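Lettering follows sequence order; numbering is per chain, from 1. Note that the structure is a prediction, hence the values are computed from the model and not measured.
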Amino acid sequence: MNHARISFAISALALAQALSVQAAHAAGVTAGTLIQNTASATYGTGPATTTISSNTVTIKVDELLDVAVSSLDGGAVPLASGTAILKYRVDNSGNGSEAFTITVNPAVSGNGFDAEVQTIAIDSNGNGTYEPGVDTVITNGGATAALAADGFATVFVVVTLPAGTADAATSQVRLTAQAVTGSGTPGTSFAGQGEGGGDAVVGATTANANASGSLIASAATLALTKSFAVVDPFGGSKTVPGAVVTFTIQAAATGSGTVENLHIIDAIPAGTAYVLNSVKLDGSALTDATDGDAGVASASGIDVTIGSLAGGSARTVTFQTTIN
Amino acid sequence: MIKFTAVIAAFALFAAPALAAPDPGAVSLEGTVKIARTVTVDGVEKVVVEEPKVVVPGDKLLFATRYANKGTEAIANFVVTNPVPSAVIVADESAQDADVSVDGGKTFGPLAKLQVKDEAGAPRAAKASDITHMRWTIAAIPPGGSGVVEYHAIVR
(Lines give C-alpha, C1' and ligand atoms only; values in the text may rest on other atoms or scores of the structure.)
Protein backbone atom coordinates (compact mmCIF):
# COMPACT_ATOMS: atom_id res chain seq x y z
CA MET A 1 0.00 0.00 0.00
CA ASN A 2 2.76 2.29 0.95
CA HIS A 3 4.52 1.38 -2.26
CA ALA A 4 1.40 2.13 -4.30
CA ARG A 5 1.18 5.55 -2.75
CA ILE A 6 4.73 6.33 -3.64
CA SER A 7 4.25 5.40 -7.26
CA PHE A 8 1.12 7.56 -7.41
CA ALA A 9 3.12 10.48 -6.08
CA ILE A 10 5.75 9.93 -8.75
CA SER A 11 3.24 9.79 -11.58
CA ALA A 12 1.58 12.98 -10.34
CA LEU A 13 4.99 14.61 -10.44
CA ALA A 14 5.49 13.34 -13.98
CA LEU A 15 2.17 14.83 -15.02
CA ALA A 16 3.11 18.18 -13.54
CA GLN A 17 6.40 18.03 -15.38
CA ALA A 18 4.75 17.17 -18.67
CA LEU A 19 2.30 20.04 -18.28
CA SER A 20 4.99 22.56 -17.50
CA VAL A 21 6.92 21.39 -20.53
CA GLN A 22 3.92 22.02 -22.77
CA ALA A 23 3.44 25.46 -21.28
CA ALA A 24 7.03 26.43 -22.06
CA HIS A 25 7.40 29.42 -24.35
CA ALA A 26 8.37 29.05 -27.95
CA ALA A 27 11.10 31.58 -27.26
CA GLY A 28 12.40 29.37 -24.51
CA VAL A 29 12.21 29.02 -20.79
CA THR A 30 11.18 32.25 -19.13
CA ALA A 31 14.01 34.35 -17.74
CA GLY A 32 14.43 33.84 -14.03
CA THR A 33 13.38 30.16 -14.13
CA LEU A 34 15.46 28.04 -11.80
CA ILE A 35 16.81 24.78 -13.19
CA GLN A 36 17.39 22.43 -10.30
CA ASN A 37 19.03 19.04 -10.60
CA THR A 38 19.14 16.41 -7.89
CA ALA A 39 20.18 12.83 -8.47
CA SER A 40 19.47 9.93 -6.17
CA ALA A 41 21.04 6.52 -5.94
CA THR A 42 20.07 3.20 -4.50
CA TYR A 43 22.33 0.29 -3.74
CA GLY A 44 22.27 -3.00 -1.97
CA THR A 45 19.48 -5.51 -2.31
CA GLY A 46 16.23 -6.35 -0.62
CA PRO A 47 15.79 -4.97 2.87
CA ALA A 48 19.35 -3.77 2.75
CA THR A 49 18.60 -1.30 0.00
CA THR A 50 19.86 2.17 0.76
CA THR A 51 18.81 5.35 -0.98
CA ILE A 52 20.89 8.49 -0.99
CA SER A 53 20.41 11.88 -2.63
CA SER A 54 22.94 14.20 -4.13
CA ASN A 55 23.14 17.87 -3.41
CA THR A 56 20.83 20.04 -5.52
CA VAL A 57 22.49 22.21 -8.11
CA THR A 58 20.52 25.26 -9.14
CA ILE A 59 21.09 27.61 -12.01
CA LYS A 60 18.97 30.52 -13.05
CA VAL A 61 17.93 31.06 -16.65
CA ASP A 62 19.07 34.47 -17.81
CA GLU A 63 17.18 36.81 -20.09
CA LEU A 64 17.80 36.48 -23.78
CA LEU A 65 17.30 39.78 -25.61
CA ASP A 66 15.81 39.20 -29.03
CA VAL A 67 13.41 41.11 -31.24
CA ALA A 68 11.76 40.75 -34.64
CA VAL A 69 10.07 43.47 -36.68
CA SER A 70 7.81 42.97 -39.67
CA SER A 71 5.69 45.18 -41.88
CA LEU A 72 2.00 44.27 -41.76
CA ASP A 73 1.10 46.07 -44.99
CA GLY A 74 0.28 43.81 -47.90
CA GLY A 75 2.01 46.09 -50.38
CA ALA A 76 2.75 49.73 -51.06
CA VAL A 77 0.26 51.91 -49.21
CA PRO A 78 -1.14 54.78 -51.32
CA LEU A 79 -0.38 58.18 -49.84
CA ALA A 80 -2.53 60.97 -51.19
CA SER A 81 -2.98 64.48 -49.91
CA GLY A 82 -4.26 63.23 -46.54
CA THR A 83 -2.44 60.77 -44.32
CA ALA A 84 -1.48 57.15 -44.74
CA ILE A 85 -1.00 54.62 -41.95
CA LEU A 86 1.81 52.10 -42.03
CA LYS A 87 1.50 49.07 -39.74
CA TYR A 88 4.38 47.20 -38.18
CA ARG A 89 4.64 44.35 -35.71
CA VAL A 90 7.34 44.21 -33.06
CA ASP A 91 7.80 40.76 -31.54
CA ASN A 92 9.61 40.14 -28.30
CA SER A 93 11.32 36.90 -29.33
CA GLY A 94 13.35 36.82 -26.14
CA ASN A 95 12.40 34.93 -22.99
CA GLY A 96 11.76 37.82 -20.64
CA SER A 97 9.55 40.86 -20.36
CA GLU A 98 11.23 43.63 -22.33
CA ALA A 99 10.46 47.10 -23.70
CA PHE A 100 11.77 48.25 -27.06
CA THR A 101 12.67 51.69 -28.35
CA ILE A 102 10.99 52.48 -31.64
CA THR A 103 12.79 54.62 -34.19
CA VAL A 104 11.11 55.55 -37.46
CA ASN A 105 13.28 56.71 -40.34
CA PRO A 106 11.39 57.99 -43.41
CA ALA A 107 14.61 58.90 -45.26
CA VAL A 108 15.67 55.53 -46.62
CA SER A 109 18.27 55.40 -49.38
CA GLY A 110 16.61 54.99 -52.77
CA ASN A 111 13.41 56.76 -51.80
CA GLY A 112 11.55 58.69 -54.50
CA PHE A 113 10.35 60.98 -51.70
CA ASP A 114 10.62 61.06 -47.93
CA ALA A 115 7.27 61.00 -46.18
CA GLU A 116 6.71 63.22 -43.17
CA VAL A 117 6.14 61.25 -39.99
CA GLN A 118 3.19 62.74 -38.19
CA THR A 119 2.41 60.24 -35.40
CA ILE A 120 3.79 56.98 -34.03
CA ALA A 121 1.28 55.02 -31.95
CA ILE A 122 1.13 51.63 -30.26
CA ASP A 123 -2.09 49.67 -30.73
CA SER A 124 -3.38 49.92 -27.17
CA ASN A 125 -6.37 47.63 -27.50
CA GLY A 126 -4.89 45.10 -29.87
CA ASN A 127 -7.55 45.49 -32.56
CA GLY A 128 -5.03 46.19 -35.30
CA THR A 129 -6.71 49.44 -36.30
CA TYR A 130 -5.29 52.90 -35.69
CA GLU A 131 -7.59 54.90 -33.46
CA PRO A 132 -6.49 58.46 -32.73
CA GLY A 133 -7.00 59.24 -29.06
CA VAL A 134 -7.18 55.57 -28.15
CA ASP A 135 -3.83 54.20 -29.24
CA THR A 136 -0.78 55.21 -27.25
CA VAL A 137 1.28 57.86 -29.00
CA ILE A 138 5.03 57.66 -28.53
CA THR A 139 7.78 59.98 -29.68
CA ASN A 140 10.20 58.91 -32.37
CA GLY A 141 12.86 57.12 -30.34
CA GLY A 142 10.43 56.45 -27.49
CA ALA A 143 9.78 53.02 -26.06
CA THR A 144 6.94 50.55 -26.06
CA ALA A 145 5.56 49.32 -22.77
CA ALA A 146 7.22 46.11 -21.61
CA LEU A 147 6.19 43.24 -23.86
CA ALA A 148 5.90 39.79 -22.33
CA ALA A 149 8.15 37.05 -23.64
CA ASP A 150 6.66 35.96 -26.96
CA GLY A 151 4.41 39.03 -26.84
CA PHE A 152 4.14 41.62 -29.56
CA ALA A 153 3.00 45.15 -30.22
CA THR A 154 1.42 46.59 -33.33
CA VAL A 155 2.90 49.98 -34.17
CA PHE A 156 1.18 52.51 -36.41
CA VAL A 157 3.14 55.18 -38.24
CA VAL A 158 1.01 57.98 -39.63
CA VAL A 159 2.69 59.79 -42.51
CA THR A 160 1.84 62.68 -44.80
CA LEU A 161 2.93 63.45 -48.33
CA PRO A 162 5.38 66.30 -48.78
CA ALA A 163 4.22 69.00 -51.19
CA GLY A 164 5.44 68.67 -54.73
CA THR A 165 5.81 64.89 -54.70
CA ALA A 166 5.48 63.39 -58.17
CA ASP A 167 2.62 61.00 -58.73
CA ALA A 168 3.50 57.30 -58.27
CA ALA A 169 6.81 58.10 -56.55
CA THR A 170 7.67 55.40 -54.02
CA SER A 171 9.14 55.53 -50.57
CA GLN A 172 10.23 53.23 -47.76
CA VAL A 173 9.72 54.03 -44.10
CA ARG A 174 11.95 51.99 -41.82
CA LEU A 175 10.97 51.12 -38.27
CA THR A 176 13.71 49.90 -35.96
CA ALA A 177 13.10 48.28 -32.58
CA GLN A 178 15.86 47.85 -30.05
CA ALA A 179 15.74 46.19 -26.64
CA VAL A 180 15.79 48.84 -23.92
CA THR A 181 18.05 46.74 -21.70
CA GLY A 182 20.67 46.68 -24.42
CA SER A 183 21.65 45.39 -27.82
CA GLY A 184 24.80 44.62 -29.75
CA THR A 185 26.89 41.64 -30.73
CA PRO A 186 25.18 38.35 -29.82
CA GLY A 187 26.51 37.21 -26.47
CA THR A 188 26.94 40.70 -25.06
CA SER A 189 25.70 40.48 -21.50
CA PHE A 190 24.33 43.00 -19.06
CA ALA A 191 25.01 41.79 -15.54
CA GLY A 192 22.03 41.69 -13.25
CA GLN A 193 19.73 43.40 -15.74
CA GLY A 194 17.80 40.34 -16.84
CA GLU A 195 14.25 39.71 -15.81
CA GLY A 196 14.07 37.52 -12.75
CA GLY A 197 17.35 38.80 -11.36
CA GLY A 198 19.77 37.14 -13.73
CA ASP A 199 21.82 38.66 -16.47
CA ALA A 200 20.51 39.87 -19.80
CA VAL A 201 22.26 38.47 -22.85
CA VAL A 202 21.95 39.64 -26.44
CA GLY A 203 20.64 36.87 -28.67
CA ALA A 204 21.12 36.05 -32.32
CA THR A 205 18.98 38.96 -33.49
CA THR A 206 21.40 41.45 -31.84
CA ALA A 207 18.27 42.67 -29.99
CA ASN A 208 17.88 45.18 -32.79
CA ALA A 209 15.70 44.60 -35.83
CA ASN A 210 13.98 46.65 -38.46
CA ALA A 211 11.48 46.39 -41.27
CA SER A 212 10.30 48.84 -43.89
CA GLY A 213 6.83 49.76 -45.00
CA SER A 214 6.25 50.96 -48.55
CA LEU A 215 4.39 54.02 -49.75
CA ILE A 216 3.34 55.06 -53.20
CA ALA A 217 2.49 58.71 -53.78
CA SER A 218 -0.95 59.34 -55.12
CA ALA A 219 -0.77 62.91 -56.43
CA ALA A 220 -2.79 64.79 -59.06
CA THR A 221 -1.84 67.69 -61.27
CA LEU A 222 -4.36 70.25 -62.45
CA ALA A 223 -4.29 71.89 -65.90
CA LEU A 224 -6.51 74.89 -66.69
CA THR A 225 -7.27 75.75 -70.28
CA LYS A 226 -9.12 78.93 -71.14
CA SER A 227 -10.61 79.83 -74.55
CA PHE A 228 -13.24 82.19 -75.85
CA ALA A 229 -15.67 82.55 -78.73
CA VAL A 230 -17.20 85.82 -79.98
CA VAL A 231 -20.59 86.27 -81.57
CA ASP A 232 -21.19 89.80 -82.89
CA PRO A 233 -24.65 91.36 -83.35
CA PHE A 234 -24.35 90.83 -87.08
CA GLY A 235 -23.94 87.12 -86.96
CA GLY A 236 -20.14 87.26 -87.32
CA SER A 237 -17.34 86.86 -84.82
CA LYS A 238 -15.89 90.36 -84.66
CA THR A 239 -14.99 91.90 -81.32
CA VAL A 240 -17.23 94.91 -81.70
CA PRO A 241 -19.36 96.66 -79.05
CA GLY A 242 -22.38 94.53 -78.31
CA ALA A 243 -20.67 91.30 -79.27
CA VAL A 244 -21.10 88.43 -76.79
CA VAL A 245 -17.93 86.65 -75.66
CA THR A 246 -18.28 83.11 -74.27
CA PHE A 247 -15.33 82.12 -72.09
CA THR A 248 -14.62 78.42 -71.53
CA ILE A 249 -12.38 77.24 -68.74
CA GLN A 250 -11.55 73.54 -68.61
CA ALA A 251 -9.99 72.11 -65.46
CA ALA A 252 -8.40 68.69 -66.08
CA ALA A 253 -6.72 66.60 -63.39
CA THR A 254 -4.09 64.01 -64.25
CA GLY A 255 -2.40 61.42 -62.02
CA SER A 256 -3.63 58.76 -59.62
CA GLY A 257 -4.57 61.22 -56.89
CA THR A 258 -7.33 63.75 -56.46
CA VAL A 259 -7.27 67.52 -56.52
CA GLU A 260 -9.11 68.74 -53.43
CA ASN A 261 -10.98 71.98 -52.70
CA LEU A 262 -10.94 73.08 -56.30
CA HIS A 263 -12.54 76.41 -57.19
CA ILE A 264 -12.54 77.90 -60.67
CA ILE A 265 -12.34 81.64 -60.31
CA ASP A 266 -12.11 84.22 -63.06
CA ALA A 267 -12.40 88.01 -63.29
CA ILE A 268 -14.64 89.75 -65.79
CA PRO A 269 -12.28 91.41 -68.34
CA ALA A 270 -12.20 95.22 -68.38
CA GLY A 271 -14.35 96.73 -71.15
CA THR A 272 -16.86 93.91 -70.92
CA ALA A 273 -19.99 93.38 -68.85
CA TYR A 274 -20.98 90.08 -67.27
CA VAL A 275 -24.15 88.51 -68.72
CA LEU A 276 -26.33 87.75 -65.71
CA ASN A 277 -26.84 84.06 -64.85
CA SER A 278 -24.65 82.95 -67.73
CA VAL A 279 -22.35 80.67 -65.71
CA LYS A 280 -22.61 77.01 -66.64
CA LEU A 281 -20.86 73.99 -65.22
CA ASP A 282 -20.56 71.15 -67.71
CA GLY A 283 -23.42 72.71 -69.67
CA SER A 284 -25.79 73.11 -66.70
CA ALA A 285 -26.81 76.65 -65.82
CA LEU A 286 -25.92 78.04 -62.39
CA THR A 287 -27.46 81.04 -60.73
CA ASP A 288 -25.38 84.03 -59.73
CA ALA A 289 -26.66 84.08 -56.17
CA THR A 290 -24.89 82.43 -53.25
CA ASP A 291 -27.25 79.52 -52.96
CA GLY A 292 -27.51 75.80 -53.32
CA ASP A 293 -25.66 75.52 -56.60
CA ALA A 294 -21.92 75.60 -57.15
CA GLY A 295 -21.72 78.98 -58.85
CA VAL A 296 -21.47 82.54 -57.58
CA ALA A 297 -21.08 85.45 -59.99
CA SER A 298 -21.16 89.23 -60.02
CA ALA A 299 -20.07 92.09 -62.25
CA SER A 300 -16.49 91.62 -61.02
CA GLY A 301 -16.08 87.86 -61.56
CA ILE A 302 -17.21 84.27 -61.17
CA ASP A 303 -16.41 81.53 -58.64
CA VAL A 304 -17.46 77.93 -59.27
CA THR A 305 -16.85 75.38 -56.54
CA ILE A 306 -15.77 72.03 -57.96
CA GLY A 307 -14.49 70.42 -54.75
CA SER A 308 -12.69 67.15 -55.44
CA LEU A 309 -11.49 66.35 -58.92
CA ALA A 310 -10.05 62.89 -59.40
CA GLY A 311 -7.12 62.34 -61.72
CA GLY A 312 -8.33 61.57 -65.24
CA SER A 313 -11.47 63.68 -64.98
CA ALA A 314 -12.26 67.21 -66.12
CA ARG A 315 -14.91 69.88 -65.50
CA THR A 316 -15.81 72.74 -67.82
CA VAL A 317 -17.09 76.17 -66.75
CA THR A 318 -18.44 78.71 -69.21
CA PHE A 319 -19.67 82.30 -68.77
CA GLN A 320 -20.53 85.15 -71.02
CA THR A 321 -19.76 88.85 -71.23
CA THR A 322 -20.74 91.58 -73.68
CA ILE A 323 -18.24 93.98 -75.12
CA ASN A 324 -19.00 97.58 -74.11
CA MET B 1 8.69 -29.07 7.66
CA ILE B 2 7.85 -26.83 10.54
CA LYS B 3 11.29 -27.31 11.92
CA PHE B 4 12.86 -26.43 8.58
CA THR B 5 10.91 -23.19 8.40
CA ALA B 6 11.98 -22.33 11.89
CA VAL B 7 15.55 -22.89 10.92
CA ILE B 8 15.20 -20.56 7.98
CA ALA B 9 13.53 -17.97 10.16
CA ALA B 10 16.29 -18.28 12.68
CA PHE B 11 18.84 -17.93 9.94
CA ALA B 12 17.08 -14.85 8.64
CA LEU B 13 17.10 -13.28 12.08
CA PHE B 14 20.71 -14.11 12.44
CA ALA B 15 21.60 -13.01 8.96
CA ALA B 16 19.81 -9.69 9.03
CA PRO B 17 22.47 -7.81 10.99
CA ALA B 18 25.16 -9.22 8.68
CA LEU B 19 23.26 -7.91 5.60
CA ALA B 20 22.58 -4.57 7.23
CA ALA B 21 22.68 -1.66 4.85
CA PRO B 22 26.14 -0.22 4.52
CA ASP B 23 26.57 3.05 6.32
CA PRO B 24 24.77 5.68 4.17
CA GLY B 25 27.77 7.89 4.66
CA ALA B 26 29.90 5.33 2.89
CA VAL B 27 28.78 6.48 -0.54
CA SER B 28 28.85 10.08 -1.66
CA LEU B 29 26.80 11.53 -4.49
CA GLU B 30 27.71 14.97 -5.71
CA GLY B 31 25.97 16.83 -8.49
CA THR B 32 27.43 19.58 -10.63
CA VAL B 33 26.25 21.55 -13.62
CA LYS B 34 28.49 23.03 -16.29
CA ILE B 35 27.82 24.71 -19.58
CA ALA B 36 29.21 23.30 -22.80
CA ARG B 37 30.04 25.95 -25.37
CA THR B 38 31.25 25.33 -28.88
CA VAL B 39 34.03 27.77 -29.63
CA THR B 40 36.08 28.18 -32.77
CA VAL B 41 39.80 28.49 -32.18
CA ASP B 42 41.98 28.97 -35.27
CA GLY B 43 39.16 27.72 -37.44
CA VAL B 44 38.67 24.53 -35.44
CA GLU B 45 35.50 24.03 -33.47
CA LYS B 46 35.86 22.62 -30.03
CA VAL B 47 33.66 22.24 -27.02
CA VAL B 48 34.63 24.05 -23.86
CA VAL B 49 32.99 23.07 -20.60
CA GLU B 50 32.90 25.86 -18.09
CA GLU B 51 31.06 27.21 -15.07
CA PRO B 52 27.62 28.45 -16.08
CA LYS B 53 27.87 32.19 -15.54
CA VAL B 54 25.13 33.02 -18.02
CA VAL B 55 22.52 30.51 -19.15
CA VAL B 56 19.92 31.22 -21.81
CA PRO B 57 17.53 29.08 -23.87
CA GLY B 58 19.45 26.99 -26.37
CA ASP B 59 22.51 26.60 -24.17
CA LYS B 60 23.83 23.09 -23.62
CA LEU B 61 24.33 22.08 -20.02
CA LEU B 62 26.28 19.17 -18.64
CA PHE B 63 24.71 17.65 -15.55
CA ALA B 64 27.18 15.36 -13.81
CA THR B 65 26.79 13.24 -10.72
CA ARG B 66 29.99 11.94 -9.14
CA TYR B 67 29.77 8.92 -6.89
CA ALA B 68 32.43 7.53 -4.62
CA ASN B 69 32.54 4.55 -2.31
CA LYS B 70 34.31 5.78 0.77
CA GLY B 71 33.55 2.67 2.79
CA THR B 72 35.47 -0.52 3.21
CA GLU B 73 32.94 -2.79 1.54
CA ALA B 74 32.09 -3.14 -2.12
CA ILE B 75 28.78 -1.61 -3.16
CA ALA B 76 26.59 -3.68 -5.44
CA ASN B 77 23.69 -2.84 -7.72
CA PHE B 78 24.32 0.88 -7.61
CA VAL B 79 21.55 2.69 -9.48
CA VAL B 80 21.66 6.44 -10.03
CA THR B 81 18.40 8.10 -10.99
CA ASN B 82 18.28 11.70 -12.16
CA PRO B 83 14.95 13.45 -12.77
CA VAL B 84 15.41 15.73 -15.75
CA PRO B 85 14.46 19.34 -14.93
CA SER B 86 11.43 20.37 -16.96
CA ALA B 87 13.26 23.41 -18.34
CA VAL B 88 15.72 21.29 -20.30
CA ILE B 89 15.65 18.68 -23.05
CA VAL B 90 18.10 15.79 -22.90
CA ALA B 91 20.56 16.08 -25.79
CA ASP B 92 20.20 13.36 -28.40
CA GLU B 93 23.63 11.90 -27.80
CA SER B 94 22.97 11.57 -24.06
CA ALA B 95 19.53 10.10 -24.67
CA GLN B 96 21.19 7.01 -26.13
CA ASP B 97 23.67 6.60 -23.28
CA ALA B 98 21.47 5.52 -20.43
CA ASP B 99 18.21 3.94 -19.54
CA VAL B 100 15.56 6.61 -19.64
CA SER B 101 12.00 7.10 -18.52
CA VAL B 102 9.32 8.98 -20.40
CA ASP B 103 6.60 8.35 -17.81
CA GLY B 104 7.89 10.16 -14.76
CA GLY B 105 10.19 7.38 -13.58
CA LYS B 106 7.72 4.51 -13.51
CA THR B 107 9.38 2.51 -16.26
CA PHE B 108 12.85 2.71 -17.74
CA GLY B 109 14.44 1.43 -20.89
CA PRO B 110 16.40 2.45 -23.96
CA LEU B 111 14.74 5.46 -25.57
CA ALA B 112 14.30 3.63 -28.87
CA LYS B 113 12.00 1.11 -27.20
CA LEU B 114 9.78 3.60 -25.40
CA GLN B 115 6.53 5.10 -26.56
CA VAL B 116 4.43 8.03 -25.48
CA LYS B 117 0.95 9.13 -26.44
CA ASP B 118 0.65 12.00 -28.86
CA GLU B 119 -1.92 14.79 -28.49
CA ALA B 120 -4.60 12.62 -30.07
CA GLY B 121 -3.83 9.79 -27.65
CA ALA B 122 -2.19 7.58 -30.26
CA PRO B 123 1.15 6.01 -29.34
CA ARG B 124 4.27 7.32 -31.00
CA ALA B 125 7.97 6.66 -30.55
CA ALA B 126 9.42 8.60 -27.63
CA LYS B 127 11.85 11.42 -28.38
CA ALA B 128 14.65 12.89 -26.34
CA SER B 129 12.34 15.76 -25.42
CA ASP B 130 9.98 13.29 -23.75
CA ILE B 131 12.57 12.04 -21.27
CA THR B 132 11.64 12.68 -17.64
CA HIS B 133 14.34 10.65 -15.91
CA MET B 134 17.80 9.30 -16.64
CA ARG B 135 19.07 6.14 -14.95
CA TRP B 136 22.43 4.49 -14.83
CA THR B 137 23.23 1.12 -13.25
CA ILE B 138 26.70 0.40 -11.96
CA ALA B 139 27.07 -3.28 -11.12
CA ALA B 140 29.62 -2.78 -8.37
CA ILE B 141 31.81 -0.09 -6.84
CA PRO B 142 34.85 -1.44 -5.02
CA PRO B 143 35.94 0.24 -1.79
CA GLY B 144 37.58 3.51 -2.74
CA GLY B 145 36.08 3.30 -6.21
CA SER B 146 34.40 6.29 -7.84
CA GLY B 147 32.94 7.41 -11.12
CA VAL B 148 30.77 9.95 -12.85
CA VAL B 149 27.47 9.67 -14.66
CA GLU B 150 26.49 12.63 -16.76
CA TYR B 151 24.14 13.86 -19.40
CA HIS B 152 23.94 16.82 -21.71
CA ALA B 153 20.74 18.80 -21.86
CA ILE B 154 19.65 21.84 -23.77
CA VAL B 155 17.77 24.67 -22.11
CA ARG B 156 14.31 24.84 -23.66
Given a strict heavy-atom distance threshold of 4.5 Å, which part of [X] is in contact with chain B: side chain, backbone, both, or neither?
X: A:Thr42; result: both
X: A:Val61; result: both
X: A:Asn55; result: both
X: A:Thr56; result: neither

Residue B:Ser101 versus chain A: region with a heavy atom under 4.5 Å: neither

[X] and its side chain to side chain contact (heavy atoms under 4.5 Å, CB included) partner, picked from [options]:
X: A:Asp135; options: A:Asp123, A:Thr119, A:Thr154; result: A:Asp123
X: A:Ile122; options: A:Leu147, A:Val137, A:Val90, A:Ile138; result: A:Ile138
X: A:Ile120; options: A:Val158, A:Leu86, A:Thr103, A:Asn140; result: A:Asn140

Could you pull out the closest heavy-atom pair between A:Thr38 and B:Asn82, with the gap in Å? O-ND2, 3.5 Å

Full working for side-chain hydrogen bond (donor to acceptor under 3.5 Å, both in side chains) between A:Tyr43 and B:Asn69: CA-CA 11 Å; A:Tyr43 54 93; B:Asn69 182 356; over 6 Å; no

Of the listed residues (A:Ala31, A:Ala41, A:Gly94), which shares the most heavy-atom pairs with chain B below a 4.5 Å separation?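 Highest number of pairs under 4.5 Å: A:Ala41.
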
Please work out whether the ring planes of B:His133 and B:Phe108 are parallel, tilted or perpendicular, with thresholds of 30° and 60°. perpendicular

Name the member of B:Thr81, B:Leu29, B:Asp59 that forms the most heavy-atom pairs with chain A at distances under 4.5 Å. B:Leu29

In terms of heavy-atom pairs under 4.5 Å, which option from B:Val80, B:Val79, B:Val155, B:Leu61 contacts chain A the most?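 So the answer, after comparing B:Val80, B:Val79, B:Val155, B:Leu61, is B:Val79.
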
